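Here the structure is a predicted model, which means the values were calculated and not measured.
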Amino acid sequence: MQNPKMKQYNSFQLTIVFLSGLLLLFIIAPIIGMFISTGYDDVVGSLKDREVVSSIWITLLASIGATLLFSLAAIPFAYFLARKSFPLKKIVIGIIDLPIVIPHTAAGIALLGIISRNTFLGKAAHFIGFEFVGSIAGIMIAMAFVSLPYLINAAMEGFLSVPERLEQAAMNLGASQTKTFFKISLPLAWRSILSGFVLMFARGISEFGAVVIIAYHPMTTPVLIYERFGSFGLQYAKPIAVIVIFISLLVFILLRWLANKKKNA
Amino acid sequence: MLELKEISVKVGSFFLKNICFKVNNGDYFVLLGSSGSGKSILLETIAGIQNSINGSILLNDKDITFEKIQNRKIGIVFQDYALFPHLSVFENVAFSLRQKHMSKKSIKDQVSLVCRELEIEHLLHRNIKGLSGGEMQRVALARTLAMKPEVLLLDEPLSALDAKLRWETRMLLRRLNKQGQTIVHVTHDYEEALVLASTVAVMEKGEIKQVSSPVEVFQNPKSTFVASLIGIKNYFRAVSFPPENETKSSRVVIEDNVSVCINASLQKGNGVVIIGGNEIVLSLEKQQTSMVNNFEGVVKDIIHTAVGVEVLVDIGILLYVTITKESLEKLSIEIGKRFWVGFKASSVRFISD
């Protein structure tokens, strides 16, 4: 006898399931393939390579730094966008998404136009003793430029999901606007903001185009992978790619878990 | 005293126009109106959530029109309660006290006091998410009362509750009012105005049509909204009594004077009785019909209205009887003439306090 549940699947649904499976495979297969084809010894060898280890630290720290530093302005900005209407708001929201659509090498060139040594910002930085170009500060700026939209959009979505009524209630009970923001709006939007952090951080780690233009050195891991691939070939680039993907996955899982924990709390 | 002077508000395309009224300290002020009449916007304007474009609001003779929402000393309980879902019941109730930088002990004492009053002490450590509608409302009320507001604003506080909870909440609100709490209560339900209000303001399309005592508002309605509530003119304070035995109905004694039969099973208690003016029959002699409520009375007044005639008959209480112009002529009704009035037990409604 035919299982009655089987009847519920028609050819349309089966096609959707097949196409979805194909797409998932497209994402997973190269990653798993790389893990399988890369020898354990090669990975351990890379982990002992000082250049590799320092590139990983630079990448992680620059991305965390960029995310935290820029969030100080990005979160209030997202709150402002979620709560206020003003002329040309749609255009402002469109501008936020610009870094997603422009090629990242072009973004790097554009950034260089405002932070290189002969610009006002570059000179000002030089005056107080540091450089953007070829420095971690430059890497952070390149990472932030291309990844900020993810944090702003996620935070804005989070604030939009908090009913304005709750803020009005808090103020009616005597809380100042600042207190209302920190006690009501921010905690209630926190889950979305946290996933915005994850996305911005992950996007920062993976950035190559803008970073390579502003700072070839100190070398971030994506730049190092590119350099090893160009100079020595696929076999030398693979172990580093495996390590960086592994770290990204770990961070990703950790923060997803944190976000879910918050949701169920 | 809360006083609104020519307040005008614009929200989108909606206007509140020249709102004027006074709420005395200790008053139970009911703002009555159909949905979309602007009651909630008016409440939010008093609380400072909406800004008026004209006029002034005074609280105890101090102009608070431009006072910050935080400093108004006017507490509002929203229709959807607006409890903070990420805080416990205790933290919700303590919220306003935390803004005043009170000591931990005073906060705890104050929260306990309010929660004991509202009988929600057992909920203090619960999450908001698991509370029932009735519990949420009490927590919202406790949270606002903890700030000791000069005026308590309630937006449709009874509309989301079932009959039993509505009755309990009505008792609670009346108790709070008797303890001196000034209340402004917004509703679309005339029953709430009948049983709770000391003053009623009727709102229609963004304007106040009438501000007066409930008796005046319902007997001489100046708004189509109240006038459309047919039969509301015949309402009285009354005491209900259970049936004397199995063959009898429950009775309601109106103003210690007139006892009428009611087709409902009642316990002894106080409340308001309503007799539909369209359901009262006027006759020259006592009729032998199934109508159990028959009284002889004297015509005191004849009022011509847009739809017919209202005859005011004194049967120990004053009853408004709606008849047609034809009947007026046929029965030769005149002021001072004696008539019989009759109505069925099912035409009598009793709303207990």
Side-chain angles (χ1 to χ4, degrees), chain A residues 71 75-76 78-80 82-90 154-197 255-265, chain B residues 12 40-41 43-51 67-88 91-102 107 111 114 127-129 136 139-155:
Chain A
S71 72
I75 291 171
Y79 181 68
F80 174 77
R83 284 291 177 261
K84 301 285 173 205
S85 358
F86 51 88
L88 307 179
K89 182 174 172 179
K90 280 189 177 160
M156 189 164 71
E157 209 174 289
F159 287 124
L160 280 173
S161 73
V162 179
E164 225 174 324
R165 244 311 170 255
L166 297 182
E167 292 167 3
Q168 292 166 349
M171 287 195 265
N172 180 249
L173 292 164
S176 65
Q177 262 192 326
T178 317
K179 227 164 181 189
T180 301
F181 176 77
F182 283 107
K183 292 281 175 189
I184 306 296
S185 324
L186 196 61
L188 286 171
W190 186 241
R191 221 167 61 78
S192 292
I193 295 172
L194 201 62
S195 60
F197 273 134
L255 288 176
R256 280 273 151 167
W257 177 73
L258 274 176
N260 271 326
K261 203 175 144 192
K262 196 92 190 167
K263 180 184 169 188
N264 299 327
Chain B
S40 296
I41 292 175
L43 216 55
E44 289 181 5
T45 309
I46 299 172
I49 295 165
Q50 302 286 354
N51 290 321
E67 184 67 89
K68 275 180 166 180
I69 175 172
Q70 291 91 346
N71 304 335
R72 290 202 174 204
K73 295 180 183 163
I74 291 178
I76 183 166
V77 177
F78 294 102
Q79 192 175 0
D80 57 4
Y81 314 132
L83 293 171
F84 307 133
H86 60 305
L87 302 178
S88 67
E91 285 303 328
N92 264 276
V93 179
F95 193 87
S96 67
L97 308 172
R98 295 227 186 272
Q99 313 312 318
K100 292 178 187 162
H101 307 293
M102 290 165 67
I107 289 177
V111 170
V114 175
N127 269 332
I128 295 300
K129 279 173 191 157
M136 286 215 254
V139 174
L141 207 49
R143 186 179 69 176
T144 306
L145 286 173
M147 70 184 270
K148 296 191 174 158
E150 299 265 354
V151 180
L152 175 64
L153 308 177
L154 306 171
D155 193 357

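- The two residues Phe95(B) and Ala175(A) have their closest heavy-atom pair at CE2-CB, 3.7 Å.
- Taking a 6.0 Å sphere around CD of Glu157(A), one finds it holds 12 or fewer heavy atoms contributed by other residues, nucleotides or ligands.
- By number of non-hydrogen pairs under 4.5 angstrom with chain A, the leading residue of Val77(B), Ile74(B), Ile69(B), Leu83(B) is Ile69(B).
- Here the side chain of Asn172(A) pairs a donor or acceptor atom with the backbone of Ile76(B) at under 3.5 angstrom.
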What side-chain donor-acceptor pairs closer than 3.5 Å can you find for residues 177-189 of chain A, not counting sequence neighbours?
from: Thr180(A); atom 1: OG1; to: Ser176(A); atom 2: O; distance (Å): 2.7
from: Ser185(A); atom 1: OG; to: Glu167(A); atom 2: OE2; distance (Å): 2.8

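- Taking 4.5 Å as the limit, some side-chain heavy atom of Arg165(A) sits within range of a side-chain heavy atom of Asp80(B).
- Within 6.0 Å of NZ on Lys89(A) lie more than 12 heavy atoms contributed by other residues, nucleotides or ligands.
- Within residues 142-150 of chain B, the residues having any heavy atom less than 4.5 Å from a heavy atom of chain A are, in residue-number order, Arg143(B), Thr144(B), Met147(B).
- Taking Asn51(B) as the reference, nothing meets the side-chain contact (heavy atoms from CB on, under 4.5 Å) condition, with sequence neighbours excluded.
- For Gln70(B), there are no side chain to side chain donor-acceptor pair (under 3.5 Å) partners two or more places apart in sequence or in a different chain.
- Side-chain contact between Pro85(B) and Leu166(A) is present, with at least one heavy-atom pair separated by less than 4.5 Å.
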I would like to know whether Phe78(B) and Gln168(A) meet side-chain contact (heavy atoms from CB on, under 4.5 Å); could you show each step before the answer? CA-CA 10 Å; Phe78(B) 294 102; Gln168(A) 292 166 349; 4.3 Å; yes
